[in-house]
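Below is one structure; the comments refer to it alone.
Order of the sequence lines fixes the chain letters, A, B, ..., with proteins taken first and strands second; residue numbering starts at 1 for each chain.
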Amino acid sequence: MDKHIVADILNEIGFYLEWKGESPFKTRAYENGARAVESLDEDLETLIQENRLGNVRGIGKALEQKISELVTTGHLKYYEDLKAEFPSGLFELLKIPGLGAKKVRALYDTLGITTIGELEYACRENRLVGLPGFGEKTQQNILKGIAHVRTGADRYLLSEAGVMAYSILKKGRNCPQIQSIQIAGSLRRSRETVKDIDILASSDRPKDVMEYFVSLPDVADVTGQGETKTSVRLQGGIAMDLRVVSPEQYPYALQHFTGSREHNTRLRHLAKSMGLKMNEYGLFRGEDGQRVSCADEEEIYQALGMPYIPPELREDTGEVEAALEDRLPKLVESGDLQGIFHMHSRYSDGSDTLMALAEETRRQGYHYMGISDHSRSAYYARGLKEEDVIRQQEEIDKLNAGWDDFHIFRGIESNILPDGSLDYPDDFIDCFDFVIASVHSNFRMDRSSMTNRILKALENPHTTILGHPTGRLLLSRDGYELEMERILEKAAEKEVVIEINANPHRLDLDWRWCKKVREMGIRLIINPDAHSVAEISNTGFGTAVARKGWCERKDILNCLDTAGMKEFLRKRKLDYNRKIL
DNA sequence: GCCGTTTTCGGCCCGACTGTTTTCAGTCG
């Protein structure tokens with residue numbers, strides 16, 4: 001059972017318990033449990049089988065038992081009994097911004113509302129006005145909220161949100177009252193999708209700054225405005241929060257608003273145990289309330305007895321413990337990448353020539369690129385027939401002869417056919433320097449068939465890289481069902497490299513798995529999956545994923561220099577030829 | 001319901017903003 005479903009059910013239980021007037025700490029325990037499950041970086045079923053679920057922070061005996069029952073049997077009696085006490089639909093109402101358990105209950109108790117449709121009707125009939133705790137404004141906001149929920153756009157790709165955020169940031173830098181300004185929140189942590197944009201600024205004149213922002217043409221609607229915080233919705237539909245603090249408060253506020261909430265909660269607990277109080281305005285000594293002076297985030301972490309934790313790691317997945325024990329990874333950086341693989345040219349479905357791709361890649365400071373157009377069965381993408389491959393390789397050889405500081409590797413993105421075989425016969429496929437094996441068809445196989453299909457591709461000695469391992473498209477398509485642990489074990493055994501596909505719609509492998517992959521000694525490669533010159537810069541999103549996945553330079557194959565990469569690929573082919581002899 | 005160098009009971013992170021209220025509950029992050 002998918003962990004997101006389990007988390008939803010725990011949240012739903014929390015909602016019912018709150019409704020019933022249970023202890024707020026108990027309802028929070030369910031919500032914390034839901035978050036803990038949501039952010040697991042291991043397979044839930046494995047954790048249960050190995051009896052390790054109870055070790056997860058936030059999951060105690062009771063939740064362990066309930067989650068186990070739910071996952072192993074597909075049912076949870078406690079939940080089903082509880083749910084039966086309530087009309088269906090109530091939980092859906094929580095999706096509307098501004099509605100929580102208390103207000104939903106009030107709507108039900110007074111007007112009998114159980115669905116979003118009924119709620120909308122009641123608002124249009126003006127029935128909410130006059131209810132205790134409700135008024136004209138609340139009713140309007142609920143209608144707006146319903147409209148927004150119906151658009152379905154509650155999350156945005158990192159790339160999309162990033163573009164909008166940078167545009168705002170740029171304008172903010174033109175505001176003379178602003179001293180410092182920076183993107184915070186999940187965007188700064190490079191989450192693959194974000195719900196909103198958080199911008200933090202420092203100024204001695206916060207009011208002017210607020211006014212400057214709400215008057216920007218990007219702002220479609222102001223949803224809240226206070227002395228230090230303004231909330232707006234931008235033209236593109238995404239919500240943005242702007243916080244303004246004083247220059248002295250800025251480092252603390254940056255740390256605070258970068259989050260994650262879970263990371264900050266951990267830090268505040270730790271601070272408390274050290275006799276300190278921590279909030280967005282500072283780190284304060286308990287005895288005299290004096291601020292511990294910190295010039296930047298680094299000094300805040302130092303004051304808490306640990307080295308600086310980069311934003312990408314601040315997800316409460318062990319980074320605080322690692323920092324305290326001084327075993328944080330030295331994260332890979334964009335400048336560490338020496339070259340990029342997985343590029344499509346006009347030979348298949350790319351829009352630029354080999355020459356154009358090579359020139360731009362070289363211009364961006366890389367020393368090599370790996371061309372991998374689609375293989376022959378990819379009709380939809382004009383996959384290469386054998387004679388096309390030969391033609392392309394001749395062109396590559398010619399181009400390579402013209403450079404001494406750049407190299408094009410000759411590869412292919414081979415479809416993994418439904419039976420797990422690759423797309424060209426063995427005696428032909430040997431002509432490539434590398435092969436990226438990817439699934440592009442028959443996504444709806446059952447878990448075990450899909451796993452076996454990919455395992456077979458990994459067994460194939462020609463497979464150098466496993467491309468976009470889950471096939472997910474963020475916000476539109478879940479990845480195919482597969483047993484990732486078995487895939488990874490096989491990749492480790494066969495020394496197959498796992499791709500971090502940097503296309504912002506994919507970001508696949510997910511960062512939550514990357515940590516495990518590197519612990520297993522498997523190498524990852526950050527690939528743009530570029531179909532044009534413009535998409536070469538996607539690579540940066542892949543680097544962000546690698547950083548979120550705790551990866552160091554040594555974990556990433558394309559940190560090898562040209563000679564190292566040539567040697568790596570040559571050795572793999574040698575090993576293969578030895579095996580077939 | 002969870003958790004623990006204050007450890008098996010007794011706490012549980014912290015603050016901003018809104019809308020309704022006339023001092024604060026609810027929601028959000």
Expressed as a whole number of Å, how far does the [atom1] atom of [N] sit from that of [M]?
N: B:dG11; M: B:dA16; atom1: C1'; answer: 25 Å
N: B:dT8; M: B:dC2; atom1: C1'; answer: 12 Å
N: B:dC9; M: B:dC14; atom1: P; answer: 25 Å
N: B:dT27; M: B:dT20; atom1: P; answer: 13 Å

By nearest atom, which of the nucleotides [options] is closest to the [X] side chain?
X: A:K102; options: B:dC2, B:dG29, B:dT27; result: B:dT27
X: A:A29; options: B:dG29, B:dT27, B:dG1; result: B:dG1
X: A:K103; options: B:dC12, B:dG1, B:dG26; result: B:dG26
X: A:H269; options: B:dC12, B:dT27, B:dG1; result: B:dC12

**Report entry** Counter-base of B:dG19, judged by Watson-Crick or G-U geometry with both distances under 3.5 Å
**Finding:** B:dC24

Query raised in the report: Between A:L143, A:V104, A:L93, A:L111, which is the residue that forms a side chain to side chain contact (heavy atoms under 4.5 Å, CB included) with A:L119?
Result: A:L93

Query raised in the report: Which part of the nucleic acid does A:P97 contact within heavy-atom distance under 4.0 Å: base, sugar-phosphate only, or nothing?
Result: sugar-phosphate

Query - Derivation of the ring pair (Phe, Tyr, Trp, His ring centres under 6.0 Å) call for A:Y252 and A:Y281 - result: CA-CA 6 Å; A:Y252 310 94; A:Y281 302 121; 9.6 Å; no

Query raised in the report: More than 12 non-hydrogen atoms from neighbouring residues, nucleotides or ligands closer than 6.0 Å to CD on A:Q65, yes or no?
Result: yes

Query raised in the report: A:F25 on top of B:dC2's base, within under 5.5 Å and under 30°?
Result: no

Query raised in the report: Given A:D221 and A:K144, is the salt bridge (charged side-chain N to carboxylate O under 4.0 Å, His left out) satisfied, shown in steps?
Result: CA-CA 11 Å; A:D221 192 16; A:K144 274 190 200 168; 3.4 Å; yes

Report task. Over 60° means perpendicular and under 30° means parallel, so classify the ring planes of A:F91 and A:F15, tilted if in between. Result -> tilted

Query raised in the report: Do the side-chain N or O atoms of A:K272 get closer than 4.0 angstrom to the phosphate oxygens (OP1, OP2) of B:dC12?
Result: yes

Query raised in the report: Which one of A:E280, A:H269, A:Q255, A:R314 satisfies the side-chain hydrogen bond (donor to acceptor under 3.5 Å, both in side chains) criterion with A:N264?
Result: A:Q255

Query - Test item: A:K66 side-chain N/O and A:Y78 main-chain N/O as donor-acceptor pair under 3.5 Å - result: no

Report task. At under 4.0 Å between heavy atoms, which parts of nucleotides 15-20 of chain B does protein reach? Answer with one letter per nucleotide, 5' to 3': B base, S sugar-phosphate only, - none. Result -> SSSSSS

